[in-house]
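I have placed the structure first, in the form of structure tokens, so that the comments after it can refer back to it.
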Amino acid sequence: MAISNTEDERLHALKQLRLLDTPPAESFDRITRMASQLFDLPIAAISLTDSDRQWFKSRVGVDHWEIPRDRAPCGEVADTTRAVLIPDLRDHPCYRDSLLAQSGIRFYAGAPLITREGFCLGAMCVLGTEPRQVSEQEQAALTDLAAMVMAQVELQHAFGRVDAVTGLPNRHQLLEDLHDQAAGGDGGPRHLVLAEVIDALKMSDTVRVLGVGVIEDLMREATRAISASIGLDTQIYHVGAAQFAWIVRSSQAETGLEDRLRDLGAHLHKHLSSAPVRISLNPVIGVAPIAVGQTLAEDAIRMAHNAAQEARLTGQSVSTYSMVADDHHRRRFRLLSDMRTALISGRELSLVYQPRIDLRTGACIGAEALLRWKHPELGGISPGEFIPLVEQTDLAGPLTAWVIAEAIRQIMAWRDMAIELSVSVNVSVANLDQPEFATDLIEHLQRAGIRPSVFEVEVTESALIKNRTHVEEQLRTIRNAGIRVAIDDFGTGYSSLSYLRHLPADLVKIDQSFVRDLAGDQKGQMLVRHLIEMSRGLGFRVVAEGVEDAQAYEILRSWHCEEAQGYWMSPPLAAIDLQAWLGAQATVRDEAA
Ligand code: C2E
Ligand code: MG
Ligand code: MG
């Protein structure tokens, strides 16, 4: 019994090293070649003793990869943890009739491969077809070669190839394994699967709030959950902070890989979100079809990573990389992944402010905060391009949080300069879908000591129509706290007018498409005039957007539209330029007076 326990432990130690059935590697082949040359013998091997077979991690002069363990001299080395020397197999009572002897082998010398913990993994062995003696010097050399093999095993297992937190082989090891598979001619189609348990931004937030230990626990838990789901036989690699990868043979892939991965995604989400520290997780899985030997290892990882990000972008749990992904797709993809970084540093983002003018007095009474992104390589990116992308992802929350924080900071800075302006920010449905959005905003304003009435939230009409009850509830909370709500792009929602009666809003912003050519457009004038009258009749304050000339300005004023915003008065300006603009306006008014 004791012996079998030891053998179990020995096998466990061997399996832990994850050497069995791995592709050949030059670092081991080098030692085997050296052994063969040193002994001037045709056959040399690094032979690992599995439960019922001798498996060759490296071999010279043999074609097969394994032989039965039964009556193999290497098995004796493993059992005894000692070197075995057999000058002539035909003279040996045990091996006389062995498979080796039958295949013409006469000579065998094997030195044990012993781990630090004292487990013997197998033998470094040399074999010949003639009987032979071994000198003491040769014995010592064989022992040295065995030690070199073990040094390589340890080096490979530990140094820079194993993740310190999960103990899994890392990205370098995956790269090397993919290289080795290609070089070993073990080609053919495969799928590289990459699971990202939590996205970079959430992870950095979590580390900041809860510390790095929580993430480390989460990664260990993720390892257990993935390995329980895909089976212990599949090697998992820890390839990025919260990313795990594994290789699936294509025969497995044909039978519903995506479905199985979707199940895994759901399992991860459920399992990990119920961990002691509750972090809301968003695991996504990317799949890259690869042809071993044709797809570069680096490309394979990049493709799987891209597919995972694509899944994140499109709100799916699993996505497969497609070769035909076009420039558009790549750009979208890049913008989103770069936005993650931009939000963490905040350096590339800024707000500009477009003045809103009281049409009765001509004074600037507020400003709309509009986001600007200066990408370090792509230059200025229009919000018209990146906002719709971001709104589909979990970045929508952090992005608006950034805008709100920055707008509040600016209001405080202006207050210190005795500039009293109300500021409006744009929020999306994705924001209002977060149950705590309204209360967070209210709290934020309270902390900053800002009167709610100087803050305004703009929501597009289409957002309201799609998600009525839920969104309306949040807007009601916001209004009850004294923060104003504006309906943006008003008139473009094409909905029934009856909903206007119950709209939880203080004002409407008539969309610029109706206002821009107002002077020259008779029908447009009819429409805008009625929009203004109707909205005022229902109790809304009315703002016209997109006022580009003096005529439009005058027409709107004569119709009792309350406010206007547009290039005719001012484009959106950086805060400092808006201050200068306000100064100039005041001077003009003073002179007129
Ligand atoms: P919006 O909220 O309707 O903002 C007004 C847009 O009209 C701004 O474009 C502004 O620069 C532009 N504009 C102002 N006056 C005129 C004019 O006289 N003529 C014309 N043709 N255009 C004028 P911008 O800054 O490119 O923003 C586009 C849209 O992106 C915004 O439309 C808003 O929906 C969205 N957006 C901008 N910043 C944010 C943000 O921080 N969060 C969210 N969720 N959306 C934002
Ligand atoms: Mg707006
Ligand atoms: Mg608008």
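Hydrogens, waters and symmetry mates are skipped; everything else that's a heavy atom, side chains included, is used. Please read these numbers as outputs of a predicted model, since none were measured by experiment. In listed order, ligands and their atoms are each counted from 1.
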Please confirm whether Pro572 approaches ligand 1 to less than 4.0 Å, judged on its heavy atoms. yes
Could you grab the distance from atom CD of Glu216 to atom CZ of Arg220, nearest 0.5 Å is fine? 5.5 Å
Near Arg516 (heavy-atom distance under 4.0 Å), the atoms of ligand 1 are 21 (N)
For Glu310 and Ser319, does a side-chain donor sit closer than 3.5 Å to a side-chain acceptor? no
Aromatic ring proximity, centroids under 6.0 angstrom, Phe386 and Trp373: yes
closest protein heavy atom to atom 12 (C) of ligand 1 is Gln512 NE2, 3.6 Å
In the protein, N/O/S atoms that are found under 2.8 Å from the Mg ion (ligand 2), waters not counted: Glu368 OE2, Asn426 OD1, Glu458 OE1, Asp488 OD2
Looking at atom 15 (N) of ligand 1, what's its closest protein heavy atom, distance included? Gln354 NE2, 2.9 Å
Closer than 4.0 Å to some heavy atom of Val403 - which atoms of ligand 1 meet that? 41 (O)
Can you see whether Asp511 engages Thr492 through a side-chain donor-acceptor pair at a distance of less than 3.5 angstrom? no
Any non-hydrogen protein atom less than 4.0 Å away from atom 7 (O) of ligand 1: yes
Donor-acceptor pair between Asn426 and Glu368 side chains, under 3.5 angstrom: yes
Starting from atom 31 (C) of ligand 1, which protein heavy atom do you reach first, and at what distance in Å? Leu370 CD2, 4.2 Å
Flag atom 23 (C) of ligand 1 as yes if some protein heavy-atom distance to it falls below 4.0 Å, otherwise no. yes
Does any donor atom in the side chain of Thr166 or His238 lie under 3.5 Å from an acceptor atom in the other side chain? yes
Ligand 1 and Ser428, any nitrogen or oxygen pair closer than 3.5 angstrom? no
As a check for students: among Thr492, Thr400, Asp489, identify the option with a heavy atom nearest to atom 3 (O) of ligand 1. Asp489
Distance-only polar pair, side chains of Trp559 and Glu533, donor-acceptor under 3.5 Å: no
Specify whether the nearest protein heavy atom to atom 26 (O) of ligand 1 is under 4.0 angstrom away. yes
Taking both backbone and side-chain atoms of Leu371, is any N or O found less than 3.5 Å from an N or O belonging to ligand 1? yes
Other residues, nucleotides and ligands only: do more than 12 of their heavy atoms fall within 6.0 Å of CZ on Arg529? no
Closest to atom 20 (C) of ligand 1 (heavy atoms only, candidates Glu368, Glu548, Glu545) is Glu548
Could you tell me if the side chain of Val459 sits less than 4.5 Å from the side chain of Val457, heavy atoms only? yes
Can you see whether Ser422 engages Arg484 through a side-chain donor-acceptor pair at a distance of less than 3.5 angstrom? yes
Nearest heavy atom to atom 16 (C) of ligand 1 wins, so pick from Tyr567, Trp402, Phe386. Tyr567
What's the shortest distance from atom 28 (C) of ligand 1 to any protein heavy atom, and which residue and atom give it? Pro383 CG, 4.0 Å
Taking atom 33 (C) of ligand 1 as the point of reference, which of Val427, Leu399, Val429, Asn426 owns the nearest heavy atom? Asn426
Report yes or no: does a heavy atom of Arg372 sit under 4.0 Å from some atom of ligand 1? yes
Checking side-chain polar atoms at under 3.5 Å, does Thr587 have a donor or acceptor matched by the opposite partner on Asp590? no
Is there a heavy atom of Lys509 sitting under 4.0 angstrom from any atom of ligand 1? no
Closer than 4.0 angstrom, basic N to acidic O: yes or no for Glu563 and Lys509? no
Residue-level breakdown please: for Ile387 versus ligand 1, do any non-hydrogen atoms fall below 4.0 Å on the side chain, on the backbone, on both, or on neither? side chain
Gln512 versus Glu548, side-chain donor and acceptor atoms under 3.5 Å: no
Hey, is Gln565 touching ligand 1 through its side chain, its backbone, both or neither, going by heavy atoms under 4.0 Å? neither
Please check if the number of heavy atoms outside Met526 that lie under 6.0 Å from its CE is greater than 12. no
Ring centroid separation Trp414 to Tyr353 under 6.0 Å: yes
I need the nearest protein heavy-atom contact for atom 1 (P) of ligand 1: residue, atom name and distance, please. Asp488 OD2, 3.7 Å
Salt-bridge criterion met for Glu545 and Arg356 (N-O under 4.0 Å): no
